There are 2 protein chains.
Amino acid sequence: MADQHSLPLPLPKEEDVVVSQFQVISLESIRIACRNCSLLNLCLPTGLTPNDVERLDGLIKHNHPLHRGDYLFRRGDPFRSLHIVKTGAVKTFAPSPEGGEQVLGFHLPGEIIGLDAIARTSHISSAKVLETSAICEISFAKFETLTAITPDLQQQMYRLLSLEIGQNTEMLLLLGRKNAEARLASFLLNLSQRLRRRGLSPSDFYLSMSRHEIGSYLGLAVETVSRVLTRFQDDKMIRVDRKHIELLNFSALMTLCESAGQHRQQQRT
Amino acid sequence: MADQHSLPLPLPKEEDVVVSQFQVISLESIRIACRNCSLLNLCLPTGLTPNDVERLDGLIKHNHPLHRGDYLFRRGDPFRSLHIVKTGAVKTFAPSPEGGEQVLGFHLPGEIIGLDAIARTSHISSAKVLETSAICEISFAKFETLTAITPDLQQQMYRLLSLEIGQNTEMLLLLGRKNAEARLASFLLNLSQRLRRRGLSPSDFYLSMSRHEIGSYLGLAVETVSRVLTRFQDDKMIRVDRKHIELLNFSALMTLCESAGQHRQQQRT
DNA sequence: TGATTTAGTTGATTTGAATCAAGTGTACGG
DNA sequence: CCGTACACTTGATTCAAATCAACTAAATCA
């Protein structure tokens, strides 16, 4: 899905793996663990001493790269480990009985997947790879034991769980109050910000998810997503070419986000 | 607010405090700490040894009862402690610049408030008391230190944070996919279930929040909340009299919840 | 390579819920 | 106890976004 957008980069060797549109890693390199990981400052090890990182590192299992459509886990699977996106992108979703999916989130490198299952014995959501991705896996039981003797790691874990809650809260605000334009604008700016933190361009990127998935995530119909993107382009706020997005006018997008949206404005309760 | 609905119970003494429509506690009793708390099996101490409970207990600060409209904290306040509802009810919300409020959650006894602020220095939401409530307060710094040397408590904390994430996820599903009827039905059943866990009637209860607050929480206009409740009553699924709610037909409500709602049904992505 | 499927766009129409507008009943302050 | 304010209800109207429908362009595959 991503391959056809590759910029002219050194051609991958046979044994190498294309993990995203901008990145090619050798099979050797996926064996590198936390202490050398480029996500050191985005991921679990953030703020840990080199010593602690090494111990954490010992728990991480590096699976073979997964490809578009592969599952990390399915709803109902027993919960045993957390998954961390190393490269690529993953979506989590709630499968509906009729075969449909409600997308719950898109996950970029350094983001942890499966936090909602800690309190349970099995997963309540499913996770699927959007583009070829390298995924770290960490046994939660072992991890929990390690955090019990590593205060910094425990603190970091609280931080991450809390961040997740805060992000969900923002999403509730978005779904509860914002109209279609504000939702799309928020979505694009959020993605942009997360890409920036990863050292990628915040204004020029490729979407690894379909319009349908975006719609599902934002509570909108595909047609609405399409129409609003076109409108944004007509208004010179963005440029769209299929999955390629360029953000041209950040402040206009931000203004849209803040506009209360759907309902003129919140009344006093 | 709750007082006028009180069932014929022994009249409270002058120094006593009415904390909810069904419960009157003496000022003395609010000094009772975790080890005697009726929420022992719903709250933080769940699964802890008596010894650990005692240590946790030492950190808990019991404030004076708060009354309707009192703030636990406001957005922007420095985050220092977690709050736990002991009796009563609390709402959390995101204040909007124009003075409006987007309700983020309603919190019953045993539920922890402020988990979204752990990763930050200040609160991102505000919390206000809906009816006279007793609130436990616990310094997060001290608590964190205690969890670092109490594996069971740490585990419980992970569990609670994860549960919160899972609940938010359900809310995302609700806001993203469900129509007005499904939202109200979910709301009523959710409340019912939480009351049952607390030993209260799951089918006959009083709402401590206004229609406006329900609407804000569910992403609906007040008028819609009112209309749907009336419709439910016409269909004999519930009986409503102001804040008094009786659930008459659980299975009908459950069926409504599951109906995909707004959109006929999710398509494959 | 051409055929078929799938993703995305665009337009027309419908519709569920918001908004606007009265009205009623309950709570509350003097 | 009365008057005012506020919470809630109910009806009429509007509107944003869903649905329906048709079409185009990619992607996939035989």
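Just so we're on the same page: letters track the sequence lines, and every chain starts at 1. This one's a predicted model, so the numbers in the text were calculated from it and none came from an experiment. When reading the values below, keep in mind they use all heavy atoms of this one structure, side chains included, and skip hydrogens, waters and symmetry mates.
The CZ-P distance, from B:Arg211 to D:dC6, rounds to 19 Å in whole Å. Rounding to whole angstrom units, NZ of residue B:Lys178 and C1' of C:dA17 are separated by 18 Å. Here the P atom of nucleotide C:dT19 and the NE2 atom of B:His212 are 10 Å apart, to the nearest Å. Atom pair A:Arg177:CZ and D:dA16:C1' shows a separation of 15 Å (rounding to whole Å applied). The distance between atom CG of B:Leu218 and atom C1' of C:dA18, rounded to the nearest whole Å, is 15 Å. The CD-C1' distance, from A:Glu213 to C:dG8, rounds to 13 Å in whole Å. Distance B:Arg68 CZ to D:dC6 C1': 12 Å, rounded to the nearest Å. The distance between atom CG of A:Leu184 and atom P of D:dA17, rounded to the nearest whole Å, is 10 Å.
In this structure a side-chain-to-backbone donor-acceptor pair under 3.5 Å is present from A:Arg75 to A:Pro95. Remark: the backbone N or O of A:Ala134 is paired with a side-chain donor or acceptor of A:Thr87 at under 3.5 angstrom.
Side-chain proximity of A:Asn179 to C:dA17, C:dT26, D:dA16: nearest is D:dA16. Checking C:dT19, D:dC8, D:dA18 against the side-chain heavy atoms of B:Ala221 singles out C:dT19 as nearest.
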Nucleotide-resolved protein contact map, nucleotides 10-15 of chain D, B/S/- at heavy-atom distance under 4.0 Å: BBB---
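Note on ring orientation: taking the six-membered ring where Trp is involved, the planes of A:Tyr206 and A:His244 are parallel (angle under 30°, cut-offs 30° and 60°).
Contact annotation: A:Lys243 side-chain N/O to C:dG8 OP1/OP2 distance is under 4.0 Å.
Under the side chain to side chain donor-acceptor pair (under 3.5 Å) criterion, the residue pairs touching residues 187-199 of chain A are A:Glu111-A:Arg194, A:Glu111-A:Arg198, A:Asn190-A:Arg194, with sequence neighbours excluded. Legend: side chain to side chain donor-acceptor pair (under 3.5 Å) pairs involving residues 217-237 of chain A, not counting sequence neighbours, sorted by first then second residue: A:Glu181-A:Arg231.
The side-chain contact (heavy atoms from CB on, under 4.5 Å) search around A:Ile124 returns A:Asp116, A:Arg120, not counting sequence neighbours. Residues forming a ring pair (Phe, Tyr, Trp, His ring centres under 6.0 Å) with B:Phe93 (at least two apart in sequence, or on another chain): none.
For the helix from C:dT1-D:dA30 to C:dG30-D:dC1, the rotation axes defined at the first and last 5 base pairs enclose an angle of 50°, given to the nearest 10°.
B:Pro202 and B:Leu247 make their closest contact through O-CD1, 3.7 Å (heavy atoms, listed as atom of the first residue, atom of the second, distance). Residues A:Leu256 and A:Ala182 come closest through the heavy atom pair O-CB, 3.5 Å.
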